[in-house]
Amino acid sequence: MPRVIVIPPQLIESHHDESPEWLAALPAQLDEYLDRWKLTRTGDFLNGAASLIVPVVRVDGTPAMLKLQPQNEESEAEALALRTWSPDDVVTVLEDDPATATLLLERLHDRTLNAVPDHVEATRILAELMARLNLIPAPPEVRTLADIAAEMIEDAADLKLSDPEEQRLLHRYADQVREVMSEPGDRLLHWDLHYGNVMASDRQPWLVIDPKPLAGDPAFELFQALHNRWDDLVATGNLDQAIRDRFDLMIEITGIDRDRALAWTAGRVLQNTIWDEEFDPTQLVIATALKL
């Protein structure tokens with residue numbers, strides 16, 4: 001009989017509609033992998049919106065983190081991506097089960113780039129990691145930005161917004177994606193590289209976690225860092241300039257072409273608008289500051 005566990009409310013909220021079977025099976029799945037990989041649980045659950053993280057120890061005494069998550073397009077290539085990038089830049093996969101996207105990961109420190117007081121220095125560290133990750137070609141198994149962009153264009157044509165000006169912006173951002181989608185790129189992208197997905201460790205100062213692997217143009221990677229640590233941008237007293245400065249710093253460090261960076265950043269705003277069926281006010285501020 002699986003042990004009774006209290007599933008974190010954030011996971012229930014995220015998955016009760018899309019993955020109710022996974023939620024129901026979670027206690028049994030936890031027991032299965034603790035037994036299969038001979039793990040001992042050593043702490044309270046951690047979680048984001050997508051996964052349950054369980055602090056564990058292996059039989060040889062090595063501390064690790066067991067990651068339980070639904071098997072889907074976002075999670076199915078996570079282990080592959082982490083093993084494709086240089087181990088100097090990403091968390092180590094100790095075990096994985098592709099059938100369920102369950103991972104056993106090296107345990108890192110409970111400190112992310114959000115804890116670096118200077119947001120400019122945090123952005124510099126993030127961009128340096130991004131530049132190294134983006135050198136690596138994507139394995140053929142990874143889904144592609146070409147497919148994602150084509151879906152965006154199709155979905156944007158069907159989306160009707162109540163505000164005529166926002167509808168015009170929707171079409172404008174779709175046009176920008178059309179201009180660059182013929183060369184979608186082939187690098188291994190993280191797709192969710194922000195300050196909270198870079199953690200401190202003993203073997204390297206900082207390591208990247210939690211990719212949503214994608215094969216494409218590195219210019220598609222910049223957006224997540226623009227709307228994270230938002231309060232730091234606001235605190236500068238000149239929000240538009242702070243947004244541009246952060247964008248320019250990432251461009252400088254990564255060597256990404258500026259025009260393509262602007263076009264694919266417009267694509268990220270377009271993608272999020274399609275998902276939400278409305279423009280996010282913060283993302284409109286970013287779009288305005290960058291003159292997308």
So, does Arg187 use its side chain to make a donor-acceptor pair with the main chain of Leu135 at under 3.5 Å? yes
Indicate yes or no for a side-chain donor-acceptor contact from Asn134 to the backbone of Met130 under 3.5 Å, with no hydrogens or angles considered. yes
Salt-bridged, [X] to [Y], with N to O below 4.0 Å?
X	Y	value
Arg203	Glu106	yes
Arg132	Asp88	no
Asp175	Arg172	no
Arg58	Glu95	yes

Nearest 0.5 Å, what's the [atom1]-[atom2] distance between [X] and [Y]?
X	Y	atom1	atom2	value
Leu214	Glu73	CG	CD	10.5 Å
Met199	Asp110	CE	CG	5.5 Å
Leu126	Thr254	CG	OG1	10.5 Å
Glu74	Ser51	CD	OG	11.0 Å
Leu170	Asp155	CG	CG	10.5 Å
His119	Asp231	NE2	CG	11.0 Å

Which heavy-atom pair separates [X] from [Y] by the least distance, and what is that distance?
X	Y	value
Arg268	Phe220	NH1-O, 2.5 Å
Val56	Leu66	CG2-N, 4.1 Å
Ala174	Leu270	CA-CD2, 3.7 Å
Pro213	Trp191	O-CE3, 4.5 Å
Ser201	Leu207	OG-CD1, 3.4 Å
Ala261	Leu222	CB-CD1, 3.5 Å

Side-chain contact test, heavy atoms from C-beta onward, threshold under 4.5 Å: evaluate it for [X] versus [Y] and give yes or no.
X	Y	value
Thr42	Arg107	yes
Pro211	Asp192	no
Asp96	Arg83	yes
Trp264	Val180	yes
Leu94	Leu105	no
Met250	Leu226	yes
Leu193	Gln224	no
Leu169	Leu161	no

If you apply the rule salt bridge (charged side-chain N to carboxylate O under 4.0 Å, His left out), what do you find for Arg36 with Asp97, and how did you get there? CA-CA 11 Å; Arg36 182 191 300 192; Asp97 183 359; 2.9 Å; yes
Please list every donor-acceptor pair under 3.5 Å in which a side-chain atom of residues 281-292 meets a protein atom from a residue at least two apart or in another chain.
from, atom 1, to, atom 2, distance (Å)
Gln283, OE1, Asn272, ND2, 3.3
Thr288, OG1, Leu284, O, 2.9

Check against salt bridge (charged side-chain N to carboxylate O under 4.0 Å, His left out), Arg260 and Asp217: CA-CA 9 Å; Arg260 295 188 67 82; Asp217 188 330; 2.7 Å; yes
Might you work through the salt bridge (charged side-chain N to carboxylate O under 4.0 Å, His left out) test for Asp158 and Lys160, ending with a clear yes or no? CA-CA 6 Å; Asp158 295 333; Lys160 306 302 179 187; over 6 Å; no
Got more than 12 heavy atoms from elsewhere within 6.0 Å of [atom1], [X]?
X	atom1	answer
Glu165	CD	yes
Asp118	CG	yes
Glu183	CD	no

Going by distance alone, is a donor N or O of one side chain under 3.5 Å from an acceptor N or O of the other, for [X] and [Y]?
X	Y	answer
Asn238	Thr236	no
Asp245	Gln241	yes
His109	Asp202	yes
Thr273	Tyr173	no

Evaluate Arg229 against Asn114 for side-chain contact (heavy atoms from CB on, under 4.5 Å), listing each step before the verdict. CA-CA 7 Å; Arg229 294 197 61 155; Asn114 285 318; 3.4 Å; yes
Worked check of side-chain contact (heavy atoms from CB on, under 4.5 Å) between Thr112 and Asn197: CA-CA 7 Å; Thr112 73; Asn197 276 340; over 6 Å; no
Parallel, tilted or perpendicular: which one describes the rings of His190 and Trp85, with boundaries at 30° and 60°? parallel
Are Asp89 and Trp206 close enough, and set up right, to give a side-chain contact (heavy atoms from CB on, under 4.5 Å), and what steps lead you there? CA-CA 7 Å; Asp89 297 323; Trp206 300 101; over 6 Å; no
Evaluate side-chain contact (heavy atoms from CB on, under 4.5 Å) for Gln69 paired with Leu103, printing each intermediate quantity in order. CA-CA 9 Å; Gln69 59 189 340; Leu103 304 175; 4.1 Å; yes
Look at the side-chain heavy atoms of Ile, Leu, Val, Met, Phe, Trp and Tyr, link any pair under 4.5 Å apart, and say whether [X] and [Y] land in one connected group.
X	Y	result
Trp230	Phe223	yes
Leu249	Leu113	no
Val90	Met65	no
Val177	Leu159	yes
Val57	Ile53	no

Step by step, would you call Glu78 with Lys67 a salt bridge (charged side-chain N to carboxylate O under 4.0 Å, His left out)? CA-CA 11 Å; Glu78 181 174 353; Lys67 182 176 185 178; 2.8 Å; yes
